[in-house]
Participant: 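Below is a structure I'd like to ask you about.
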Amino acid sequence: MLHRSTNNLAIKYFRNVAVFVTLGFVFLTCAEVNHEKEKYTKGARWHHYIELINQAVKDYKDCSNENCSCFTSVLKDDFAVWIKKGGITKDDLKAAHSFGVNYQILSHKLFRQEECMFPFRCSGVEHFLLEIIDNLPDMDLVINVKDWPQVYHHQEPLPVFSFSKVADVNWDIMYPAWTFWEGGPAVWPIYPTGLGRWDLQRDIITRAAEAWPWDKKEDKAFFRGSRTSSERDPLILLSRKEPALVDAAYTKNQAWKSNEDTLYQPPASEVKLEDHCKYRYLFNFRGVAASFRLKHLFLCNSTVFHVGNDWLEFFYPALKPWVHYIPVKSDLANVRDLLLFAQQNQDVMKSIANRGRQFIIDHLRLEDVSCYWKQILLKYAELLKAKPVKNKSFKEIKSTL
């Protein structure tokens with residue numbers, strides 16, 4: 001009796017163990033399934049972005065530095081209207097005179113009207129004109145040194161050179177901005193006359209980037225700038241709500257009068273461009289026109305988040321979304337999702353940062369800037385229908401170097 005009872009207990013015990021083991025097995029299997037499901041779900045969430053990046057990189061072919069050919073498409077687009085019209089007439093030039101600073105190149109000498117509203121900007125332009133003047137034929141030209149373009153598609157085209165424009169809105173011919181040499185915005189405490197020479201900034205920011213390799217950078221986005229447009233507001237508000245995701249704040253600008261102008265908080269201090277390098281993701285917004293900071297941000301070897309695609313400088317079209325930078329909608333509707341994607345896909349972000357920096361290092365040297373100046377002025381001269389007649393009121397501009 002005792003023996004049979006012991007056997008029954010043993011059988012019951014082993015059955016319970018078996019059930020326990022079986023249940024344990026089922027439990028572990030479910031945990032593993034859930035884990036795999038979670039991994040799949042996370043991967044599926046970002047699949048769209050990964051596909052965009054992979055396809056963009058697959059389709060991209062790096063350009064050549066020969067004759068600054070990276071920017072040939074811009075030259076063709078900007079002069080297409082003048083080629084179609086059969087050239088630039090004396091009347092076209094006369095109509096353009098009031099839209100910028102008037103220059104003449106005669107016998108490899110540079111002349112300019114007496115007045116220039118922004119002397120440092122004119123000086124920045126004149127540096128490049130004088131550098132290439134021995135290779136230029138005689139011509140009259142009108143160079144706009146204001147922040148915004150001058151000629152709109154609702155009016156007849158005029159031969160005006162501007163540093164920035166919206167391609168389907170403005171006729172202006174884009175030239176490399178004065179800021180490559182001098183006359184840039186003075187909001188960053190670097191030079192008394194503004195941002196300063198591009199070749200010097202390349203060295204300064206590159207050294208800073210070396211001090212902040214990817215693994216040491218803060219895993220958040222960063223922006224400092226004035227409220228030149230309410231387009232920037234959503235990022236500032238997101239920063240206040242989720243400071244672990246983004247550090248963004250408004251600084252003063254010339255029009256600042258109260259905290260209302262900085263979205264109801266005291267203005268933040270300006271931050272030198274080289275100090276942006278401590279962050280993994282850097283935001284670029286347009287200002288009144290294209291922002292001068294874009295080329296500098298790439299040098300940090302951080303991933304650039306470029307907001308909107310309307311405003312251009314001459315080198316923008318050669319930079320490709322998802323290859324060199326992350327494109328962000330102008331209304332910032334997708335900005336939070338993109339930042340979460342960035343934080344969860346570090347290898348992808350690091351690769352984009354590397355490609356963006358390498359493009360700027362390889363293709364936006366000072367010699368490339370001078371080359372593009374030369375290319376656009378030679379093409380412009382080909383289209384001129386009238387030979388320049390010396391304006392006796394103009395003064396000769398000579399190199400100060």
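As the structure is a computational prediction, the values presented were derived from the model and not from experiment. Note that these values count all heavy atoms, side chains included, but never hydrogens, waters or copies made by symmetry.
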Participant: How many angstroms lie between CH2 in Trp82 and CD in Glu382, if you round to the nearest 0.5 Å?
Facilitator: 15.5 Å
Participant: Counting the benzene-type ring for Trp, do Phe222 and Tyr279 have ring centres under 6.0 Å apart?
Facilitator: yes
Participant: Is there side-chain contact between Asn102 and Arg112, with at least one heavy-atom pair below 4.5 Å?
Facilitator: no
Participant: Is the NZ or CZ atom of Lys295 positioned over Trp198's six-membered ring, under 6.0 angstrom from the centre and within 45° of the axis?
Facilitator: yes
Participant: Quick check against the 3.5 Å criterion: does Glu218 have a side-chain atom that pairs as donor or acceptor with the backbone of Lys220?
Facilitator: no
Participant: Check Lys385 against Gly86 and note the closest heavy-atom contact, atom names and distance.
Facilitator: CE-O, 2.7 Å
Participant: Test your reading of the model: is there a side-chain donor-acceptor pair from Ser239 to the backbone of Val246, 3.5 Å cut-off?
Facilitator: yes
Participant: Indicate the atoms forming the closest heavy-atom contact of Cys116 with Val145, along with that distance.
Facilitator: SG-CG2, 4.4 Å
Participant: Within the 3.5 Å criterion, strictly below it, is a donor on Asp203 or Thr206 matched to an acceptor on the partner's side chain?
Facilitator: no
Participant: Given the rule in the side-chain contact (heavy atoms from CB on, under 4.5 Å) test, do Lys272 and Ile204 qualify, once you have shown the distances and angles that lead to the verdict?
Facilitator: CA-CA 11 Å; Lys272 291 182 179 181; Ile204 291 168; over 6 Å; no
Participant: Let me know which of Asn354, Asp347, Ile352, Val348 forms a side-chain contact (heavy atoms from CB on, under 4.5 Å) with Lys350.
Facilitator: Asn354
Participant: Is there side-chain contact between Asn391 and Asp140, with heavy atoms separated by less than 4.5 Å?
Facilitator: no
Participant: What distance do Glu182 atom CD and Glu126 atom CD have between them, rounded to the nearest 0.5 Å?
Facilitator: 9.0 Å
Participant: Within the side chain of Thr72, is there an N or O that forms a donor-acceptor pair under 3.5 Å with the backbone of Ser69?
Facilitator: yes
Participant: Under the 3.5 angstrom rule, does the side chain of Asp247 hit a backbone N or O of Ala221 as a donor-acceptor pair?
Facilitator: no
Participant: Check whether any side-chain heavy atom of Phe285 sits under 4.5 Å from a side-chain heavy atom of Thr228, and report yes or no.
Facilitator: no
Participant: Could you tell me which non-hydrogen atom of Phe359 sits nearest to which non-hydrogen atom of Ala318, and how far apart they are?
Facilitator: CZ-CB, 3.5 Å
Participant: With under 30° as parallel and over 60° as perpendicular, where do the rings of Tyr175 and Trp178 fit, or are they tilted in between?
Facilitator: tilted
Participant: Between Thr303 and Met349 (side chain of the first, backbone of the second, donor and acceptor by atom type, cut-off under 3.5 Å), is there such a pair?
Facilitator: yes
Participant: For the residue pair Phe180 and Phe128, does the interplanar ring angle fall in the parallel (under 30°), tilted (30 to 60°) or perpendicular (over 60°) class?
Facilitator: perpendicular
Participant: Backbone N or O of Ala56 within a donor-acceptor pair of the Lys320 side chain at under 3.5 Å?
Facilitator: no
Participant: Report yes if some heavy atom in the side chain of Asn67 is under 4.5 Å from a heavy atom in the side chain of Gln375; otherwise report no.
Facilitator: yes
Participant: Just how far is it from atom CZ of Phe161 to atom CG of Asp172, taken to the nearest 0.5 Å?
Facilitator: 10.5 Å
Participant: Is the closest side-chain donor-acceptor distance between Asp233 and Tyr250 under 3.5 Å?
Facilitator: yes
Participant: Does a donor on one side chain and an acceptor on the other come within less than 3.5 Å for Asp168 and His153?
Facilitator: no
Participant: Less than 4.5 Å apart, side chain to side chain, heavy atoms only: is that true for Leu93 and Ile88?
Facilitator: yes
Participant: Working to the nearest 0.5 angstrom, can you tell me the gap between Arg365 CZ and Ser370 OG?
Facilitator: 10.5 Å
Participant: Show your working on ring pair (Phe, Tyr, Trp, His ring centres under 6.0 Å) between Tyr103 and Phe111 and close with a plain yes or no.
Facilitator: CA-CA 6 Å; Tyr103 287 91; Phe111 301 89; over 10 Å; no
Participant: Can you check whether Arg202 reaches Ile361 side chain to side chain, under 4.5 Å on heavy atoms?
Facilitator: yes
Participant: Taking the ring of Phe223 and the ring of His276, is the distance between their centroids below 6.0 Å?
Facilitator: no
Participant: Measure across Leu312 and Ala167 and return the closest heavy-atom pair with its distance rounded to 0.1 Å.
Facilitator: CD1-CB, 3.9 Å
Participant: Restricting to non-hydrogen atoms, name the atom on Val142 and the atom on Ala96 that form the minimum distance, rounded to 0.1 Å.
Facilitator: CG1-O, 3.5 Å
Participant: Under 30°, 30 to 60°, or over 60°: which ring-plane class applies to Phe341 and Trp46, parallel, tilted or perpendicular?
Facilitator: tilted
Participant: What heavy-atom pair brings Asp147 and Ala289 nearest, and what distance separates the two atoms?
Facilitator: O-CB, 3.0 Å
Participant: Any donor-acceptor pair under 3.5 Å linking the side-chain atoms of His108 with those of Asn135?
Facilitator: no
Participant: What's the spacing between Gln346 CD and Gln344 CD if we round to 0.5 Å?
Facilitator: 10.0 Å
Participant: Please check if the number of heavy atoms outside Glu396 that lie under 6.0 Å from its CD is greater than 12.
Facilitator: yes
Participant: Do Gln104 and Lys390 touch side chain to side chain, with heavy atoms closer than 4.5 Å?
Facilitator: yes
Participant: Is there a donor in the side chain of Ser302 and an acceptor in the side chain of Lys217, or the other way round, less than 3.5 Å apart?
Facilitator: yes
Participant: Nearest 0.5 Å, what's the CG-CG distance between Leu319 and Leu364?
Facilitator: 8.0 Å
Participant: Side chains of Ile397 and Leu110, heavy atoms from C-beta outward: is any pair under 4.5 Å?
Facilitator: yes
Participant: Just checking, is any N or O donor in the side chain of Tyr49 or Asn345 under 3.5 Å from an acceptor N or O on the other one?
Facilitator: no
Participant: State, without any angle test, whether Tyr316 and Asn309 hold a side-chain donor-acceptor pair at a distance under 3.5 Å.
Facilitator: no
Participant: So does Gln155 have more than 12 non-hydrogen atoms from other groups sitting under 6.0 Å from CD?
Facilitator: yes
Participant: Determine, stepwise, if the pair Phe292 / Phe163 fulfils ring pair (Phe, Tyr, Trp, His ring centres under 6.0 Å).
Facilitator: CA-CA 10 Å; Phe292 293 125; Phe163 92 92; 4.9 Å; yes
